Amino acid sequence: MLLTLAAAAIGAATFSDLPRDVFPDLSAPVFNIIVQNASMGPEELETAIAIPLENALAGLPGARRVRSSSQLGVAQVTVELEPDADYYLGRQLVAERVAQVASSLPPGSEPPLLSSLTGRLNEVMELTLEAAPGAADPMTLRDLAELEIRNRLLAVPGIAAVERLGGYLREVQVQLDPERMSARGVTLSEVQHAVETASANAAAGFVVQGSIEWSVRAVGRAERPEDLASTVVAMRGDVPVLLGDVAEVRDAPAIRRGLAHRLEGEVVSLRVVRQFGADTAEVSEGVHAALAELRPTLPEGVSLEVAYDQAELVDEALSGVGRAVLIGALLVVLVLFVLLGDARGAFVVTLTLPLSIAIAGLVLPWLGVGLNTMTLGGLAIAVGLLVDASIIVVENVMHRTEGLARGPELRARAIDAAAEVARPIAFATLIVVAVFLPLFAMQGIEGRMYAPLAAAVIASLGASLALALTFTPVLASIVLRPSASAGSEVGVVRALRRAYEPLLAWAMRHAWLVRITALLVTVPAVVIAMRIGGDLMPRLDEGALLIQTVLPTEASLEEVDLLNHRVEDALREFPEVDDVVRRTGRSERTEDPMPHTISDVLVVLRPDRARSGQQLADAMRVRLERVPGVTALFTTPLGMRIDEGLGGTPADIAVRIFGPDSARLATFAEQAREIVERVPGTADVRAERASSLPQIRIEVDRAAAARVGLTPGDVVEAVRIGMVGDVAGELWRGPRRVDVLLRLQDAHRGDLAAIRGLLLDGHDGTRIPLGQVARIEQTLGPAAIRREAGSRRVAVESSVSGRDLASTAAEIRAALFEQLELPTGYFFDVGGRVETQARATRSLALAIAVAIAAVLVLLYIALGSLEETLVILATLPDAFVGGILALWISGETWNVSSLVGLIGLFGIAVQNGLVLVTQTRGLVAEGLPFEAALERASLGRLRPKVMTAATAMLGLLPILVLPLRGTEIERPLAIVMIGGLATSTLFTLLALPTFYALVERLRQRRASAR
């Protein structure tokens, strides 16, 4: 007993130290390679960067899919490895392949950035740096975010990165004036050389003077724009031409492709990304402690606020599911005290609950399981099962020690009583364990999600079995007071017996009617099951919505910001909305190269709202349809990260059309969009824009360039530096480094006339306007080029509202096959969340088959009779009936949660059948005729049957009926198991005896025929 209590204490302490999160670690080996080249368009990026990287990564061991996206200035290549591939080995292999291509990337390309796409699953907090009017300008805010705040947050244990967006990134710009350059005869190459050599330090060895050694440093690094401006560019006679004579050198904002907004003004957004395996709650605590240190150091009028904290969701979800487990345990204890008939015996059995859960805490860390909603969901399932073994042991101890006085004989008899029932309770426990074991073999998101649930069930049941055979008999021998009335039934059980006895007699008299009815009810249930829709997983109410807004690709950043202001104003009209924070586009250096026309709008909801998140999403969708030019996709912060990180898109359904020509793909995408919109249940339908991006095309006139001694490369390089700019150096300001950008003044690059007048340096020092050596025209070109499976592709994305995912996708697929005519070389498929859903359904179907086979094998080993094994398995169809009807009545779908509930139902549903068969066989062995033995076993074991079913159902009941945050994921599971247990218990009580009698009669006839 002391060892048990010590193990429980250590296990309870271990439980409190487990890493906490909403879901288990869903990170998969999906890697993102990002290459930025501001001077290249989508076509050039595709040819020069995306395709070489795709070819290098396509042959990677374990690669499932390679896709890419090329848009103005940035190319992104994503490689997905098999779900069970080693993450760090995969990252190393990807890095090696990327390094092979990096040396051949075109000039002006930044080094490839290798990140994990599933790092988005680890974005746990969003902060905003805000300033009161006049307190600080956007560039100052960004300075604070880039240095002080980012560095302090990175010092918090468990943080991997802090992504900044918004404000203006500071850089020193050397803005060239072509007229002043021409007047002083200064060429672009001379300016470049001056800027590149204007700031440098070097170590110059050391000098020994006597006993002292002096290190020598040559210091010439510029610290201010004025230092750069005083740099000599050229000598004209005896007069130096300084950089400040031909250019304006000053601090200026970098070109930005994104911004952040909250309430009435622009802010700087900081996303905190935790390390893989880090505890979300601990990271949040560390960040809040860092914020408390940072806030007093900020300038007056500047504030640092928390916009989103996933730790709050973790706490609420774990608290909600934890309360459901606790309430379920209290209901189980109530059943024990009501039905067991002995308060001391009920107390002994009750102790099994906390001790089993605590001891399970010793095993979970070895299995790599943390504390999340899935782990607690497994404990909710187990709560009603943990007492079964101890109930049987306590009942047998009470029976075997009747009339004995306390002492060594009583303890020895109690231990013998436990040994008598050890084999049947061990097999009963093993059957439940066996049906959950296949969950460990599943891959993908379903395996990662529900392996912790299976681990919690198995670990706690294993602990309960060990306690039932060791701790329970010893404690029972101490606590129980054996008496002649110890085994008497309580009034509730006697009332149940009085009601059950005539029903059983009627069922035995009308055996054929009962059998046929039991078989026939499965037929409509199968029909209903086929009509129940399919989905991936239930949506968790996160207390926030994430709305992704999309504008036409030709829209400027200013126009995108203006229209999203209208979106924010519309959202704030809802009284349930507490806060709205928006991130538009991408940062200057980022692992998430989102186009500037796409925004993530975070809508934080009030906790005391009356409407659910889904109801609000539906209402907001209708309201935003009145904002012109804006397409909105509704999801949740964590839901989007899971869908986008694992499926490549946050959309429920993505129709992907493949082919070689972008213009034709755009046409087919528009046709597919119209088809998808006509399918009932679709919402937020949008087609990716594959073309129609306004471009100013500068095409070099080779002959004209040759006449003035310029190569096409000279012209293109001058245009690149003049228009985009060239990072020619950097300034050090304390610990911070600021880029020095060389480019033309805005007045000489702002419109078509200025571009035509851009002056180039001829071979003889003359200045040639760009319009003389190049054709400049306004045209249209692709906004982005997306590739997958070695081919260009475009996608049509859609959400699903008011209908199940699987049937909607099936109807879309059928409509596209019938109505979308694609020529040779073009094809389509349907992906998104539905792709993951189909894969999960296949995995779970296999797990269900394995679970049934495991139950069959264990029952046969326990009974040694195939006929009796099949009699017990006859319970399963009627268990299916209850689960299916419950699912249908509740309006739920077949999803990962409900299918896992079906698996768990198998192991629990057969237990009462096993009890009936083993008890009947025992009475027959004592000399009773089979019919009498069957009747006595059916009536005599009524209490354990009722207790087994009641405790299992009541343990899950709080998840089903209480609106607790975090229980949404396990609710379909609870519906299936409670409904299935209700019908399987009814079948066991009334129909199973008739089937068992039939099998025994047939066996006797076969024996007599021999």
Side-chain angles (χ1 to χ4, degrees), residues 29-82 85 89-119 257 586 588-595 648 656-663 665 688 690-691 693 695 697 699-700 711-713 716-717 719-720 724 726-727 781-795 825:
V30 181
F31 302 100
N32 215 9
I33 302 96
I34 300 167
V35 180
Q36 298 194 58
N37 188 318
S39 63
M40 299 183 74
E43 302 100 320
E44 293 85 3
L45 288 167
E46 177 194 31
T47 303
I49 295 177
I51 292 178
L53 284 172
E54 285 181 32
N55 293 337
L57 295 169
L60 200 68
R64 287 179 54 200
R65 180 165 58 185
V66 178
R67 63 181 188 270
S68 69
S69 173
S70 303
Q71 52 186 298
L72 184 63
V74 60
Q76 170 183 326
V77 180
T78 302
V79 55
E80 299 179 18
L81 303 184
E82 294 294 338
L89 175 60
R91 185 179 178 86
Q92 179 63 33
L93 293 174
V94 170
E96 291 174 359
R97 296 292 182 94
V98 171
Q100 295 171 6
V101 180
S103 59
S104 62
L105 296 179
S109 300
E110 296 187 7
L113 172 64
L114 172 61
S115 67
S116 170
L117 191 61
T118 49
R257 303 300 288 164
R586 64 179 183 269
E588 293 79 10
R589 302 179 181 92
T590 180
E591 296 185 5
D592 182 21
M594 190 165 68
R656 297 173 297 205
I657 306 173
F658 298 84
D661 185 76
S662 294
L665 284 175
E688 291 177 343
S691 62
L693 177 69
Q695 291 183 349
R697 182 179 176 86
E699 186 174 350
V700 178
T711 66
V716 171
E717 179 70 4
V719 172
R720 182 183 70 83
V724 177
D726 182 49
V727 178
I785 298 175
R786 297 172 178 84
R787 297 174 54 85
E788 190 172 330
S791 175
R792 289 182 176 181
R793 69 118 176 115
V794 67

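Quantities reported herein were computed from a predicted structural model and do not represent experimental measurements. The residues of the chain are indexed from 1 along the displayed sequence.
Between the side chains of Gln76 and Ser69, no donor N or O sits under 3.5 Å from an acceptor N or O. Looking at Ser662 and Arg792, their side chains do bring a donor and an acceptor atom within 3.5 Å of each other. A donor-acceptor pair shorter than 3.5 Å can be found between the side chains of Glu96 and Gln92.
Using a 4.0 Å cut-off between a side-chain N of Lys or Arg and a carboxylate O of Asp or Glu, Glu588 and Arg257 do not qualify as a salt bridge.
Contact detail for Gly825 and Pro660: the closest heavy-atom pair is O-CD, 3.8 Å. Scanning all heavy atoms of the two residues, the minimum distance from Ser68 to Glu54 falls at OG-OE2, 2.6 Å. Here the closest heavy-atom approach between residue Pro61 and residue Leu81 is recorded as O-CD2, 4.2 Å. A pairwise comparison of heavy atoms in Val94 and Leu60 identifies CG2-CD2, 3.4 Å as the closest pair.
For the pair Val79/Leu53, no side-chain contact is recorded, criterion being any heavy-atom separation below 4.5 Å from C-beta on. Within the 4.5 Å cutoff, no side-chain heavy atoms of Glu788 are placed close to those of Val66. Within the 4.5 Å cutoff, the side chain of Leu105 has heavy atoms near those of the Pro112 side chain. When side chains are defined from C-beta on, Val700 counts as touching Val716, because their heavy atoms get closer than 4.5 Å.
The CG atom of Leu114 lies 9.5 Å from the CD1 atom of Ile34; values are rounded to the nearest 0.5 Å. Taken from CD1 in Ile49 to CD in Gln36, the straight-line distance is 10.0 Å, to the nearest 0.5 Å. Atom OG1 of Thr711 sits about 10.0 Å away from atom CD of Glu717, to the nearest 0.5 Å. From Arg656, atom CZ reaches atom CG of Leu665 across 14.0 Å, with rounding to the nearest 0.5 Å. Here OG of Ser70 is found 10.0 Å from CD of Glu44. Values are rounded to the nearest 0.5 Å. The structure places CZ of Arg787 at 5.0 Å from CD of Glu46, a figure rounded to the nearest 0.5 Å.
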- Task: Determine, step by step, whether Glu43 and Ile785 satisfy the side chain to side chain contact (heavy atoms under 4.5 Å, CB included) criterion, reporting the C-alpha distance in whole Å, the side-chain angles of both residues, the deciding distance to 0.1 Å, and the verdict.
- Result: CA-CA 7 Å; Glu43 302 100 320; Ile785 298 175; 4.1 Å; yes
- Item | side chain to side chain contact (heavy atoms under 4.5 Å, CB included) between Arg720 and Asp726, worked out | CA-CA 8 Å; Arg720 182 183 70 83; Asp726 182 49; 3.6 Å; yes
- Message: Could you walk me through whether Val35 and Val74 satisfy the side chain to side chain contact (heavy atoms under 4.5 Å, CB included) test, starting with their C-alpha distance in whole Å, then the side-chain angles of each, then the deciding distance to 0.1 Å, before giving a yes or no?
- Response: CA-CA 6 Å; Val35 180; Val74 60; over 6 Å; no
- Task: Starting from the C-alpha separation in whole Å, work towards a yes-or-no answer on salt bridge (Lys or Arg N to Asp or Glu O under 4.0 Å) for Arg793 and Glu688.
- Result: CA-CA 10 Å; Arg793 69 118 176 115; Glu688 291 177 343; 3.2 Å; yes
- Would you check, one step at a time, whether the test side chain to side chain contact (heavy atoms under 4.5 Å, CB included) holds for Val77 with Phe31? CA-CA 8 Å; Val77 180; Phe31 302 100; over 6 Å; no
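Side-chain atoms of Ser103 never come within 3.5 Å of backbone atoms of Ala99 as a donor-acceptor pair (strictly under, hydrogens ignored). A donor-acceptor pair under 3.5 Å links the side-chain atoms of Ser109 to the main chain of Pro106, judged by distance alone.
Around atom CZ of Arg64, more than 12 heavy atoms belonging to other residues, nucleotides or ligands sit under 6.0 Å away.
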